[in-house]
Amino acid sequence: MTTEILMPALSPTMEEGTLAKWLVKEGDSVKSGDILAEIETDKATMEFEAVDEGTIGKILVEEGTEGVKVNTAIAVLLEEGESADDIASEAPAPAPQASEDRAETAAKSAPAEAKAPAAPQSDTSPDWPDGTDMQKMTVREALNSAMAEEMRRDDTVFVMGEEVAEYQGAYKITQNLLDEFGPKRVIDTPITEHGFAGIGVGASWGGLRPIVEFMTWNFAMQAIDQIINSAAKTLYMSGGQMGSPIVFRGTNGAAARVGAQHSQDYAAWYAQVPGLRVVQPYSAACAKGLLKSAIRDPNPVVFLENEILYGRSFEVPKLDDFTIPFGKAKIWREGSDVTIVSFGIGMTYALEAAEKLAEDGISAEVIDLRTLRPMDTDTVIKSVMKTNRCVTVEEGWPVASIGNHISAVLMQKAFDYLDAPVINCTGKDVPMPYAANLEKLALTSTDEVIDAVRQVTYR
């Protein structure tokens with residue numbers, strides 16, 4: 001069977017070029033690597049090599065032709081035993097009659113029936129069985145417990161970062177890990193986020209499972225190239241041959257008067273990146289279950305924590321091996337009048353607002369996304385189909401926020417169920433002030449959530 005030789009794309013942006021000169025003629029035998037022609041682009045003149053063996057049966061585009069589109073057939077290559085006569089025998093069949101064209105066009109122009117959106121597939125099963133014994137635990141203790149359990153279970157897991165070993169962690173999340181696992185698995189690093197993040201990525205390629213702690217995600221901006229270009233894209237760029245099982249974790253968002261450079265919320269930044277898993281827990285149980293899942297996951301995981309939540313206590317199940325799957329939201333409070341969606345520390349505003357709204361007879365359903373990539377939008381859609389209203393809550397900036405994304409999803413998949421616009425409660429569109437009174441104004445609040453709910457419920 002004859003083979004068409006196509007106009008090559010000699011650069012990522014090339015769309016057309018000039019076939020400057022043929023270096024072969026019809027009847028010439030060629031093999032892979034032989035130079036066939038010279039192609040001119042707007043940048044340079046380049047040689048074009050053969051990739052197959054055969055005989056040049058016919059040249060379709062004469063040398064000197066300008067504006068030849070990429071992937072246009074420029075010649076025909078014959079295999080052994082074929083002749084130029086075979087080219088004609090493989091010509092395409094004649095086009096259909098005009099009447100057939102008109103009938104087909106009419107059929108295509110008929111209006112298509114609108115399809116109803118697929119019903120959301122929401123997993124509302126409990127995170128642990130009914131009757132499970134519970135214990136009080138802070139978020140700090142839950143994270144520490146998760147790492148210790150996974151390090152006992154799998155000796156390829158290790159922790160590295162600034163002050164994680166001798167100092168027991170800047171926020172004491174790694175407390176006692178050095179004593180139990182030793183300096184080869186709990187490793188203090190220099191103050192060089194780009195460097196130790198890169199070492200962690202390389203270790204993940206070598207069969208280990210690093211947990212890289214950033215003292216704050218603000219400092220991880222030094223390492224963002226390693227996180228996105230090295231860790232997140234490797235599985236795709238290696239054709240599935242090499243993944244990067246690594247967890248990047250640390251404090252995210254505002255704390256208390258640490259200024260503009262130490263108060264940024266990176267949830268929306270990282271949630272946009274294909275190849276990453278992005279997690280931001282609220283409670284101790286979610287922190288433990290999701291961190292254990294993150295350490296076991298074969299993909300790079302961005303695990304966003306909050307300094308203010310570290311000392312808060314929650315109920316955590318007493319289970320030998322407690323994990324929470326990614327992509328499963330949690331309904332903290334059921335309601336019928338409005339859906340409030342949040343994650344991380346934003347849940348404090350959402351739950352406080354729901355309590356106060358209930359006093360006025362407004363029933364709010366509160367959903368904790370927990371994982372931002374993958375995101376369980378089905379649970380949100382299903383809730384909005386019931387409540388017909390939605391308010392989102394987060395501390396990050398308003399432009400291209402997580403709430404913006406949820407609003408777009410609801411417009412596409414639940415538009416007919418909405419009785420009011422979706423309102424996004426976010427941090428203000430300013431760098432975080434240092435002054436305490438201005439910092440408070442720059443963040444969203446329980447009162448803002450209540451005001452937003454009153455707007456969408458018209459009460």
Side-chain angles (χ1 to χ4, degrees), residues 9 11-13 143 146-147 150-151 153-162 164 184-252 264-281 290-305 323-328 369-376 400 402 405:
S11 74
T13 58
L143 293 167
M147 287 190 288
E150 291 305 300
M151 292 175 76
R153 190 187 69 88
D154 182 351
D155 60 10
T156 67
V157 178
F158 71 98
V159 183
M160 65 189 302
E162 296 159 359
V164 299
K184 288 189 176 180
R185 297 184 65 194
V186 184
I187 304 168
D188 278 330
T189 65
I191 303 174
T192 170
E193 286 78 11
H194 181 78
F196 66 75
I199 291 172
V201 173
S204 75
W205 294 346
L208 301 178
R209 289 182 175 271
I211 305 169
V212 175
E213 177 179 306
F214 296 118
M215 194 176 295
T216 159
W217 274 95
N218 298 278
F219 299 159
M221 289 180 71
Q222 303 290 329
I224 199 166
D225 182 60
Q226 300 286 7
I227 297 167
I228 294 177
N229 280 331
S230 296
K233 297 178 182 176
T234 295
L235 186 66
Y236 171 76
M237 296 184 71
S238 67
Q241 297 178 78
M242 183 169 66
S244 190
I246 184 172
V247 177
F248 301 100
R249 50 157 297 270
T251 60
N252 175 64
Q264 296 170 116
D265 187 331
Y266 293 90
W269 291 41
Y270 288 107
Q272 196 180 41
V273 180
L276 290 179
R277 307 281 202 182
V278 182
V279 182
Q280 188 159 350
L290 288 167
L291 183 54
K292 284 170 67 71
S293 293
I295 294 168
R296 299 180 190 186
D297 200 273
N299 303 286
V301 180
V302 167
F303 203 92
L304 305 170
E305 301 159 13
T323 60
I324 295 174
F326 291 165
K328 181 186 176 187
L369 291 173
R370 304 197 291 194
T371 58
L372 306 177
R373 191 178 186 100
M375 185 184 294
D376 181 9
I402 297 295
H405 174 66

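Within a 6.0 Å radius of CE in Met242, more than 12 heavy atoms belonging to other residues, nucleotides or ligands are found.
Gly200 and Val212 make their closest contact through CA-CG2, 4.3 Å (heavy atoms, listed as atom of the first residue, atom of the second, distance). Across all non-hydrogen atoms, the minimal contact from Thr192 to Glu162 is N-OE2, 3.7 Å. Nearest approach of Arg185 to Val157, heavy atoms of both residues: NH2-O, 2.8 Å. Of all non-hydrogen atoms in Val301 and Phe326, the two that sit nearest each other are CG2-CE1, 4.1 Å. The nearest pair of heavy atoms linking Ser230 to Trp205 is O-CZ2, 3.6 Å. For the residue pair Ala231 and Val201, the shortest heavy atom distance occurs at CB-CG2, 4.0 Å.
Classified by interplanar angle (parallel below 30°, tilted 30° to 60°, perpendicular above 60°), the ring pair Tyr266/Trp269 is perpendicular. Taking the six-membered ring where tryptophan is involved, the planes of Phe248 and Phe214 are essentially parallel, since the angle between them stays under 30° and well short of 60°.
The side-chain heavy atoms of Phe196 and Ile187, taken from C-beta on, include no pair separated by under 4.5 Å. Using a 4.5 Å heavy-atom cutoff, the side chains of Val159 and Met151 are in contact.
Formation of a donor-acceptor pair under 3.5 Å by the Asp297 side chain with backbone atoms of Pro245 is not found in this model. No donor-acceptor pair under 3.5 Å is formed between the side chain of Arg277 and the backbone N or O of Asn299. Under a 3.5 Å cut-off, the side chain of Thr371 and the backbone N or O of Gly327 do form a donor-acceptor pair.
Remark: Asp265 CG to Tyr270 OH distance equals 11.5 Å, nearest 0.5 Å.
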Show your working on side chain to side chain contact (heavy atoms under 4.5 Å, CB included) between Asp154 and Ile295 and close with a plain yes or no. CA-CA 10 Å; Asp154 182 351; Ile295 294 168; over 6 Å; no
